[in-house]
K.L.:
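Questions regarding the structure given below will be posed in turn.
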2 protein chains.
Amino acid sequence: MLGSTVLRSDFAVLAGLEEFGPLSQAELGRRLGMDRSDIVAVLDRLQAGECVERTADSLDRRRKTVALTDVGRSYLNDLDAQLGQVQDALLEPLTAPERAQLMALLGQVLDKHSN
Amino acid sequence: MLGSTVLRSDFAVLAGLEEFGPLSQAELGRRLGMDRSDIVAVLDRLQAGECVERTADSLDRRRKTVALTDVGRSYLNDLDAQLGQVQDALLEPLTAPERAQLMALLGQVLDKHSN
DNA sequence: GATAAACGTTGGCCTATCCAACGTTGGCGG
DNA sequence: CCGCCAACGTTGGATAGGCCAACGTTTATC
């Protein structure tokens, strides 16, 4: 499934779909800060791997609604686990409170800039 | 000079040259974590803009020693100033002590992983 | 009913990163 | 001394990511 290599954009789209639920491609791109055209390519990949479904929107025929499949959800879980391990290895020099502090500071920076 | 667009790799190489002093291309790449072949392209750009000098190493004729020119040094100063402004804007949500804390934590992570 | 806007899609350009290969030069062991 | 291997700078190619322009289709606006 999905060829051997895992792309960051695959993860971003899968995680976005889980977080936001079914969505149009354009809206997904807006929320992820990705270009519409790049979303298309990622979805083509993910759809070929059965991780994602594209459904014609009945109310607005310009739109296609994208949704995670069960395969996609379990694939995302795999990736989440792997990411967790990598993140732990990366932050291993820090104690747990230091990690929390770091996350809090970065979160603060992100929050204020997304408004 | 150097065409209008500023590349991150330009800055990396200029800053590396200032920090490390004159160096062979391969050694520069090693210290910056960049591939030899990519260093070549950046140096071609920088040399065309007179920011950098390539000198044949007399002791080892395989090597070329790269050094910052005065033009390069002043260009680097420009970029440093611009970068400082962007960084300030980015970290604006944080108080000065928070910024210091963030830098310290990130530095800790970096340090432990470069050994 | 005409004009403009949003949608998905294609294609292109550029930066960044990585890897393979080449010819040249230096170091080393037999 | 010579042959082999390693390091050097360089070229070229592959892939990922980001951005933008254009198209045909569909919807909204005036």
Side-chain angles (χ1 to χ4, degrees), chain A residues 2-17 20 22-49 51-67 79 82-83 86 90 113-114, chain B residues 2-17 20-49 51-67 75 79 82-83 86 90 113-114:
Chain A
L2 269 189
S4 51
T5 62
V6 185
L7 305 185
R8 181 162 48 103
S9 40
D10 293 351
F11 178 75
V13 164
L14 290 172
L17 286 176
F20 307 132
L23 263 169
S24 77
Q25 302 184 190
E27 182 60 21
L28 181 58
R30 262 176 245 120
R31 300 214 197 173
L32 293 177
M34 289 189 179
D35 195 90
R36 287 174 7 240
S37 60
D38 300 318
I39 294 282
V40 170
V42 175
L43 289 181
D44 287 347
R45 279 177 54 82
L46 293 176
Q47 193 175 29
C51 289
V52 135
E53 271 178 0
R54 275 198 260 221
T55 315
D57 185 326
S58 46
L59 299 182
D60 185 341
R61 298 207 312 245
R62 289 172 302 180
R63 294 186 165 95
K64 295 183 183 173
T65 299
V66 187
L79 295 182
Q82 289 182 243
L83 181 59
V86 172
L90 178 69
H113 280 292
S114 52
Chain B
L2 270 189
S4 51
T5 62
V6 184
L7 305 185
R8 181 163 48 103
S9 40
D10 292 352
F11 178 75
V13 164
L14 290 172
L17 287 176
F20 307 132
L23 262 169
S24 77
Q25 302 184 190
E27 182 60 21
L28 181 58
R30 263 177 244 118
R31 301 215 196 170
L32 292 177
M34 288 189 177
D35 194 272
R36 285 183 288 159
S37 61
D38 299 319
I39 294 282
V40 170
V42 175
L43 288 181
D44 286 348
R45 280 177 54 81
L46 292 177
Q47 194 175 29
C51 288
V52 135
E53 271 177 1
R54 274 198 261 221
T55 314
D57 185 326
S58 47
L59 300 183
D60 185 341
R61 297 208 314 246
R62 290 171 301 180
R63 293 187 167 96
K64 295 184 182 174
T65 299
V66 188
Y75 183 47
L79 295 182
Q82 288 181 245
L83 181 59
V86 171
L90 177 69
H113 280 292
S114 52

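Because the structure is predicted, anything quoted here is derived from the model rather than measured. So that the names make sense, note that chain A is the first sequence line, chain B the second, and so on, each numbered from 1.
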K.L.:
Listed in order of residue number, which residues of residues 24-32 of chain A have a non-hydrogen atom at under 4.0 Å from DNA chain D?
P.N.:
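When residues 24-32 of chain A is checked for heavy atoms under 4.0 Å from DNA chain D, there are no hits whatsoever.
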K.L.:
Assess, by modelled atom type and distance only, whether the side chains of B/R63 and B/Q25 contain a donor and an acceptor separated by less than 3.5 Å.
P.N.:
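No, no side-chain donor-acceptor contact under 3.5 Å.
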K.L.:
Please find the earliest and latest nucleotides of DNA chain D, in the 5' to 3' direction, that have an atom within less than 4.0 Å of any heavy atom of chain A.
P.N.:
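So the contact region on DNA chain D extends D/dA16 to D/dT27.
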K.L.:
Within this structure, what is the CE-to-P distance between B/M34 and C/dA16, rounded to whole angstrom?
P.N.:
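Value for this atom pair: 8 Å.
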K.L.:
On DNA chain D, nearest-nucleotide positions of A/L59 versus A/S37: which is more 5'?
P.N.:
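Counting from the 5' end, the first nearest nucleotide belongs to A/S37.
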K.L.:
Rounded to the nearest 0.5 Å, what's the gap from CZ on B/R30 to CG on B/L23? Could you check?
P.N.:
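Atom-to-atom, B/R30:CZ and B/L23:CG are 9.5 Å apart.
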K.L.:
Salt bridge between B/K64 and B/D57, side-chain N to carboxylate O under 4.0 Å?
P.N.:
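Not counted as a salt bridge, because no side-chain N and carboxylate O are separated by less than 4.0 Å.
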K.L.:
Separation of B/R36 atom CZ from C/dT17 atom C1', in whole Å?
P.N.:
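To the nearest whole Å, that distance equals 15 Å.
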K.L.:
Quick check for you: to the nearest 0.5 Å, what is the distance between A/L28 atom CG and A/M34 atom CE?
P.N.:
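Going from CG on A/L28 over to CE on A/M34, the span is 8.0 Å.
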K.L.:
Do the side-chain N or O atoms of A/R62 get closer than 4.0 angstrom to the phosphate oxygens (OP1, OP2) of C/dA6?
P.N.:
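No, no such contact exists.
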K.L.:
What residues form a side chain to side chain donor-acceptor pair (under 3.5 Å) with A/Q82, not counting sequence neighbours?
P.N.:
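Partners of A/Q82 by the side chain to side chain donor-acceptor pair (under 3.5 Å) criterion come out as none, since no residue qualifies.
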K.L.:
Taking any heavy-atom pair under 4.0 Å as a contact, classify A/D35: base, sugar-phosphate, or nothing.
P.N.:
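A/D35: base contact, heavy atoms under 4.0 Å.
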K.L.:
Tell me the interatomic distance from B/I39, atom CD1, to C/dA16, atom P, rounded to whole angstroms.
P.N.:
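Rounded to whole Å, this separation is 12 Å.
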K.L.:
Minimum heavy-atom separation for A/D10 to A/R45, with atom names?
P.N.:
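It is OD2-NH2, 3.0 Å.
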K.L.:
Let me know the distance between NZ of B/K64 and P of C/dT25, rounded to the nearest Å.
P.N.:
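One finds 11 Å between P of C/dT25 and NZ of B/K64, rounded.
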K.L.:
Rounded to whole angstroms, how far apart are CG on A/D38 and P on C/dG12?
P.N.:
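Going from CG in A/D38 over to P in C/dG12 covers 15 Å.
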K.L.:
Which distance, rounded to the nearest 0.5 Å, do you find between the CG of A/L43 and the SG of A/C51?
P.N.:
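Nearest 0.5 Å value for the CG-SG distance: 11.0 Å.
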K.L.:
Could you tell me how far apart B/R8 (CZ) and C/dC14 (P) are, to the nearest whole angstrom?
P.N.:
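After rounding, the gap between these two atoms is 18 Å.
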K.L.:
Could you say whether A/R61 or A/G33 is positioned toward the 5' end of DNA chain D, judged by the nucleotide with the nearest heavy atom to each?
P.N.:
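Counting from the 5' end, the first nearest nucleotide belongs to A/G33.
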K.L.:
Taking the side chain as every heavy atom from C-beta outward, state whether B/E53 and B/V66 have any atom pair closer than 4.5 Å.
P.N.:
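They are not in contact (no side-chain heavy atoms under 4.5 Å apart), so the answer is no.
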K.L.:
Is there a side-chain contact between A/V42 and A/D38 in this structure, where contact means two heavy atoms from C-beta onward sitting under 4.5 Å apart?
P.N.:
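With C-beta onward as the side chain, the pair stays apart.
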